[in-house]
Amino acid sequence: MNINLTLIGQLLSFAVFVWFTMKYVWTPIMGALETRKKEIADGLAAAERGQHEQELAKERAKDVLHEAKAQAAEIVAQAQKRAAEIVDESKDTARVEGDRILTAAQSEIEQEANRAREQLREKVGMLAVAGAEKILKKEISADAHQDIVAALAEEI
Amino acid sequence: MAGDALTSGEYIKHHLTNLTFGQHPDGSWGIAHSAAEAKEMGFWAIHVDTMFWSIGLAVLFLYFFSKAAKTATQGVPGGLQNFVEWIVEFIDTSVRGSFSARNSLVAPLALTIFVWIFLQNLMDLVPVDVIPELAKLLGIHYMKVVPSTDPNATFGMAIGVFLLVLFYSIKIKGVGGFAGELTLQPFSSTNPVVNLLFIPVNFILEFVSLIAKPISLALRLFGNMYAGEMIFILIAIMYNAGLILGLFGGVLQLGWAIFHILIITLQAFIFMTLTIVYLDMAHHEH
């Protein structure tokens with residue numbers, strides 16, 4: 001229990017240990033702690049910001065949805081209108097086409113009827129000549145009585 | 001028990017003797033072979049066991065702490081880092097609580113003091129005969145394993161703290177301010193002549209309170225540890241006094257050791273806290 005050189009030795013080693021702790025233990029550990037503290041704070045702030053942004057996005061999404069709905073309704077209305085127009089248009093076209101077809105058919109019928117009438121006339125003329133031949137028991141030259149036959153045919 | 005030939009008195013004395021290296025009175029250098037021989041060596045001798053254990057423990061502490069510090073990440077800490085961070089944060093809280101000035105030295109100083117003293121005191125919990133008996137097998141006859149039961153160790157630290165107190169007192173307040181603190185209070189007067197008469201009185205009071213700081217620091221730690229060690233040694237003596245008393249001694253040793261866990265932690269904490277407080281006082285004008 002004597003006070004001796006050990007005192008100085010302990011004093012010096014104490015100084016060295018304090019210096020070592022300061023340089024190689026305390027500073028890096030406090031640095032790591034500070035960095036972690038900052039990182040956690042940043043993380044929390046980021047989370048809060050994210051939440052806020054999410055809320056904003058939700059709001060925006062709602063707006064967009066509304067707009068889209070309105071647009072869709074508009075488009076549907078337009079389409080309906082357009083459909084009605086198309087139907088009307090096609091009705092008109094159909095009517096015109098029908099009329100055209102009808103007119104063509106009528107003119108054809110008329111032509112056919114005319115042709116048939118011509119043919120009938122000729123036949124009747126011939127029949128009249130034949131009838132006359134039989135009555136007169138004599139051949140009548142068709143050529144000689146061409147004018148009569150034609151006149152007959154005209155009358156029929 | 002160390003050697004059956006020893007009496008109880010010799011046993012205690014043997015346990016309280018440091019392994020001392022120094023100059024023998026005849027001029028040769030070597031290890032002292034008895035307590036008396038160690039005393040004759042005077043100041044220029046060194047307690048090899050105190051130095052060995054205290055430096056060894058500090059190296060252990062610094063190795064693990066600097067290892068944790070080197071690999072310290074800001075991410076999820078591992079086991080060792082977690083433990084080290086827990087202690088570091090505890091010290092940091094204590095320093096922030098009682099030290100109001102800015103000084104980057106104080107917190108590492110407090111950490112070193114706390115862990116180092118705790119480890120030194122922890123050696124007290126190793127049964128008193130284990131290490132000395134092992135040392136005897138190696139041919140070393142004296143081995144005092146608890147460095148904080150050596151006043152050299154406690155005074156070494158206390159004087160280190162005291163030098164820092166003086167250094168910062170003078171650095172912060174200037175030589176004049178520090179001298180004024182020592183001489184112009186607690187008694188002062190508006191009359192200059194009376195004030196002059198007060199100076200020696202004030203100086204005696206303040207100087208005593210200044211000197212009391214390192215002495216109380218060192219003696220408090222030394223006294224507690226020395227007394228605790230002594231009780232362990234006394235309990236160990238009971239092992240030689242028959243089976244019943246030996247068993248009783250075992251129970252006592254266990255009880256005292258458990259109680260001692262509180263003391264060693266508390267003493268380390270007190271030393272650290274008072275260091276912080278003294279340095280805080282050095283940083284403030286009164």
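In what follows, every heavy atom counts, from backbone to side chain, and hydrogens, waters and symmetry copies are set aside. Chain letters run A, B, ... following the sequence lines, proteins first and then strands; every chain starts at 1.
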Trainee: Please report the interatomic distance CZ(A:Phe20) to OH(B:Tyr63), rounded to the nearest 0.5 Å.
Mentor: 11.0 Å
Trainee: Among B:Leu109, B:Leu62, B:Thr154, B:Leu164, which residue has the highest count of heavy-atom pairs closer than 4.5 Å to chain A?
Mentor: B:Leu62
Trainee: Count the heavy-atom pairs under 4.5 Å between each of B:Gly160, B:Ala107, B:Pro147, B:Ala68 and chain A, then report the option with the highest count.
Mentor: B:Ala107
Trainee: Does a side-chain heavy-atom distance below 4.5 Å link A:Met22 with B:Ser104?
Mentor: yes
Trainee: Is the backbone of B:Ile55 close enough, under 3.5 Å, to the side chain of A:Ser13 for a donor and an acceptor to pair up by distance?
Mentor: no
Trainee: Taking side chain as everything from C-beta outward and backbone as N, CA, C, O, which of these in B:Phe61 sits under 4.5 Å from a heavy atom of chain A? Side chain, backbone, both or neither.
Mentor: side chain
Trainee: With no hydrogens and no angle check, is any side-chain donor or acceptor of B:Asn152 less than 3.5 Å from a backbone partner on A:Asn4?
Mentor: yes
Trainee: Under 4.5 Å heavy-atom distance to chain B, tell me which part of A:Ile8 shows up: side chain, backbone, both or neither.
Mentor: side chain
Trainee: State, yes or no, whether a side-chain contact exists between B:Met157 and A:Gln10 at a heavy-atom distance under 4.5 Å.
Mentor: no
Trainee: Heavy-atom count check: over 12 atoms from other residues, nucleotides or ligands less than 6.0 Å from B:Phe83 CZ?
Mentor: no
Trainee: Count the heavy atoms of every other residue, nucleotide or ligand shown that sit under 6.0 Å from CD of B:Gln23, and state whether that count exceeds 12.
Mentor: yes
Trainee: Crowded around A:Glu59 CD? As in, over 12 foreign heavy atoms under 6.0 Å?
Mentor: no
Trainee: So, taking the atom named CH2 in A:Trp26 and the one named CG in B:Leu105, what distance separates them when rounded to the nearest 0.5 Å?
Mentor: 11.5 Å
Trainee: What are the two closest non-hydrogen atoms of A:Val25 and B:Ala69, and how far apart are they?
Mentor: O-CB, 3.8 Å
Trainee: Supply the atom-to-atom distance A:Leu12 CG to B:Met51 CE, rounded to the nearest 0.5 angstrom.
Mentor: 8.0 Å
Trainee: If every non-hydrogen atom of A:Ile3 is compared with every non-hydrogen atom of B:Pro151, which pair is closest and at what distance?
Mentor: CD1-CB, 4.2 Å
Trainee: As an exercise: rank B:Ile159, B:Asp92, B:Val84 by heavy-atom pairs under 4.5 Å with chain A and give me the winner.
Mentor: B:Asp92
Trainee: Are the side chains of B:Phe43 and A:Leu5 in contact, using a 4.5 Å heavy-atom criterion?
Mentor: yes
Trainee: Count the heavy-atom pairs under 4.5 Å between each of B:Ala158, B:Gly22, B:Ser54 and chain A, then report the option with the highest count.
Mentor: B:Ser54
Trainee: Let's test your reading of the structure: which of A:Thr21, A:Thr6, A:Leu11 forms the most heavy-atom pairs below 4.5 Å with chain B?
Mentor: A:Thr6
Trainee: How about A:Arg36 and B:Glu85: do any of their side-chain heavy atoms sit closer than 4.5 Å?
Mentor: yes
Trainee: Is the shortest side-chain heavy-atom distance between B:Trp116 and A:Phe14 below 4.5 Å?
Mentor: yes
